[in-house]
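What's counted below: heavy atoms across the whole structure, side chains too, no hydrogens, waters or symmetry copies. Just so we're clear, the structure is a prediction, and the values are computed from it rather than from any experiment. If you read the sequence from its start, that first residue is 1, and numbering goes on from there.
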Amino acid sequence: MTGFAEVKVTRRLILLFAAISILLVGISVASLLYLNYTINKLSESLYDDVYQNSELILNADRDLYQAAVALHTAMNPNTTESELKELTQLFEDNNTQIEERVNTARYNINSIEKPYNVMHKGELQLTELKRELSSFEASFGEWKDTGSSLIIRRSQEGWDPASFSAVLTNTQLNDIRSRLDNSEDLIDRYAQEVTTVFQDKKSSLFALYSLLLFLLILVIIYLGRKIIKLQSEMLEEQTMYQLIGETMSDYIILTDPNGLIIYASPSHLSILGYVPKKGTPLSNYIREPEISWAKLKSVVQGTPRMSELRMRGAEGHWVWLETKVTPITGSRSFAAQFMLVSREITQRKQYEERLHKLAFYDHLTAIPNRAHFKMYMENLISQPEEHQQEIALALLDCDRFKQLNDTLGHLAGDEFLQILSRELQQTVKGAGQAFRIGGDEFAVVIHRFNNPGILDEILSRLLQLFSKSWPINNGSSFITSASIGVALFPQHGSSINELLRAADLAMYRSKKNGGNEANLYDKRMDEEVPDQTSGRN
């Protein structure tokens with residue numbers, strides 16, 4: 001009966017989800033239809049109330065220009081009688097068209113109604129536009145009468161050309177055209193106001209729609225959480241093996257509170273070559289000692305935990321897994337079991353390792369590079385004072401390396417650097433670390449020495465390493481030496497840059513003396529080379 005009731009509840013929730021989805025679609029469709037209606041209404045309003053009237057004003061301005069040209073041509077003393085008649089007719093026709101166009105625009109503008117409830121600025125613009133068109137009518141009538149009077153006098157005998165004043169007619173014409181220009185500008189501003197109001201309405205619509213959508217999403221999330229909770233309660237009543245499923249592709253292990261394996265999914269066979277045995281400790285299969293079962297259990301109490309760990313394969317190889325460890329609460333308040341759900345990330349870890357090598361290891365010699373050197377030094381000098389130890393930074397520069405490149409070529413130089421790097425690593429092994437920081441220049445960080453005698457011995461071995469014949473380039477050989485400069489931490493500097501500068505000055509002393517020697521930095525070197533500064537950052 002309990003299961004039947006749960007099924008009924010689940011069906012009701014599913015029906016409720018379906019109803020909400022249909023409601024959401026309905027609201028979306030209704031919003032889009034309303035938006036389409038608003039856009040159509042705006043288009044009609046802009047055409048009827050704005051663009052058509054703007055076109056009438058522009059055409060009236062063009063007719064006015066043609067009438068003015070006809071008037072001035074008619075006033076020309078050389079105009080014949082037949083031409084005068086044609087120009088008179090053209091003047092009258094254009095004036096008639098001007099009156100018709102402007103009257104039509106005035107009628108349309110007087111008929112404009114507010115497309116929305118809030119357009120106070122638009123009302124002011126319409127009022128100013130109507131006033132401007134009324135002023136135009138008066139000015140245009142005066143200009144038309146003046147032009148008609150001039151043409152009549154021009155057609156009479158004894159007309160004196162000097163009686164015609166082009167300045168007067170042009171002044172009147174400019175006043176009329178300025179009123180047309182102002183009217184057109186007011187129409188454009190009104191169009192912008194209509195568009196602005198529409199944008200505000202549209203923004204309000206989308207804000208309302210977004211709010212409704214957000215509320216619906218909250219409802220869906222709430223109901224979803226209810227369903228998840230219901231499903232969790234149903235799953236708790238099922239058996240352990242029904243929960244896990246024998247055919248799942250993930251790698252699943254279930255343990256008791258002490259880390260003993262209760263169940264391991266058969267999918268482990270595909271990556272490990274075997275299935276971990278029931279009853280054995282999980283720690284027997286995990287490589288990372290820091291992820292001991294006791295520690296892993298302590299950090300996941302109450303909440304899931306993601307961890308990366310390696311498990312041993314049947315052939316001795318290690319497989320990287322990304323594992324989510326989840327406590328499964330039993331009937332009591334503490335975790336009764338732990339579930340480990342894993343997926344293989346071996347390729348990803350290999351890729352990360354390659355990226356690490358590209359970032360911190362020199363691509364030619366495969367030894368740590370400049371970035372690794374900085375990180376290594378920073379780690380050493382930033383130790384707490386009670387754990388700090390004396391550090392020696394030695395900069396090594398290969399003497400006559402340029403000669404090798406010039407005589408045997410860069411490939412031979414690369415081969416020499418590779419051989420030198422391997423032997424340099426072996427020479428300082430156990431006492432510190434070698435780095436290639438650029439070209440033929442190396443840095444050796446020595447921090448495992450108890451007295452100056454050990455440091456001198458290491459430097460001596462470094463000089464001996466360089467001072468020999470190097471077989472390269474299929475039988476060729478190269479004899480070189482090294483110029484070495486040494487700085488001590490903290491005596492010669494408390495930062496990486498200060499130590500690099502000190503070691504650089506000491507190396508400069510070695511080069512100045514002809515190479516093949518190691519010098520320890522002292523303050524007198526600053527006086528010898530006052531402008532010598534380190535360019536390394």
Exercise for the section: Name all residues meeting the salt bridge (Lys or Arg N to Asp or Glu O under 4.0 Å) criterion together with Glu100; count only those two or more places apart in sequence or in a different chain, and write none if there are none. Expected result: none
Practice task
Report the distance from atom CZ of Phe442 to atom SG of Cys398, rounding to the nearest 0.5 Å.
Solution key: 8.0 Å
Practice task
Assign the ring pair Phe140 / Phe136 to parallel, tilted or perpendicular, where the plane angle (0 to 90°) is split at 30° and 60°.
Solution key: parallel
Practice task
Give the C-alpha distance, both sets of side-chain angles, the deciding distance and a yes or no for side chain to side chain contact (heavy atoms under 4.5 Å, CB included) between Met377 and Val445.
Solution key: CA-CA 8 Å; Met377 285 290 295; Val445 179; 3.6 Å; yes
Practice task
In sequence, state the C-alpha distance, the side-chain angles, and the governing distance for Thr323 and Val341, and then conclude on side chain to side chain contact (heavy atoms under 4.5 Å, CB included).
Solution key: CA-CA 5 Å; Thr323 302; Val341 182; over 6 Å; no
Practice task
Starting from the C-alpha separation in whole Å, work towards a yes-or-no answer on side-chain hydrogen bond (donor to acceptor under 3.5 Å, both in side chains) for Thr365 and Asp362.
Solution key: CA-CA 6 Å; Thr365 63; Asp362 181 63; 2.8 Å; yes
Handout entry: Check: Gln97/Asp93 side-chain N/O donor and acceptor closer than 3.5 Å
Key = no
Problem - Verdict with reasoning, Arg343 to Lys324, per side chain to side chain contact (heavy atoms under 4.5 Å, CB included) - result: CA-CA 9 Å; Arg343 63 184 181 91; Lys324 181 179 181 180; over 6 Å; no
Exercise for the section: Count the heavy atoms belonging to other residues, nucleotides or ligands that lie under 6.0 Å from CG of Leu411, then report whether that count exceeds 12. Expected result: no
Problem - Charged N-O contact under 4.0 Å between Glu92 and Lys144 - result: no
Problem - Non-neighbouring partners of Glu137 that pass side chain to side chain contact (heavy atoms under 4.5 Å, CB included), sequence neighbours left out - result: Arg106
Problem - Set of side chain to side chain contact (heavy atoms under 4.5 Å, CB included) partners for Asp397, sequence neighbours left out - result: Asp440, Glu441, Met507, Lys511
Exercise for the section: Find the distance between OH (Tyr508) and CG (Leu395) and round it off to the nearest 0.5 Å. Expected result: 15.5 Å
Completion exercise
Separation between OH (Tyr361) and CD1 (Ile367), nearest 0.5 Å, reads 10.5 Å
Exercise for the section: Decide side-chain hydrogen bond (donor to acceptor under 3.5 Å, both in side chains) for Arg153 and Ser149; before the verdict, give the C-alpha distance in whole Å, the side-chain angles of both, and the deciding distance to 0.1 Å. Expected result: CA-CA 6 Å; Arg153 290 201 301 269; Ser149 176; 2.8 Å; yes
Exercise for the section: Taking all non-hydrogen atoms of both residues into account, name the closest pair between Pro368 and Ala434 and its distance. Expected result: CD-O, 3.6 Å
Problem - Partner residues of Asp181 under the salt bridge (Lys or Arg N to Asp or Glu O under 4.0 Å) criterion, sequence neighbours left out - result: none
Completion exercise
Looking only at heavy atoms, the pair that brings Ile271 and Glu344 closest together is CG2-OE1, 3.5 Å
Handout entry: Results of salt bridge (Lys or Arg N to Asp or Glu O under 4.0 Å) for Lys85 - residues two or more places apart only
Key = none
Exercise for the section: Give, for atom CG of Leu396 and atom CD1 of Ile437, the distance between the pair rounded to the nearest 0.5 Å. Expected result: 9.0 Å
Problem - Nearest heavy atoms of Leu417 and Gly439, plus distance in Å - result: CD1-O, 3.9 Å
Exercise for the section: List the steps and the verdict of side chain to side chain contact (heavy atoms under 4.5 Å, CB included) for Asn369 and Phe435. Expected result: CA-CA 5 Å; Asn369 60 10; Phe435 306 85; over 6 Å; no
List, one per line, each side-chain donor-acceptor pair under 3.5 Å for residues 60-71, sequence neighbours excluded.
from: Asp61; atom 1: OD1; to: Arg177; atom 2: NE; distance (Å): 3.1
from: Asp61; atom 1: OD2; to: Arg177; atom 2: NH2; distance (Å): 3.0
from: Asp63; atom 1: OD2; to: Arg101; atom 2: NE; distance (Å): 2.7

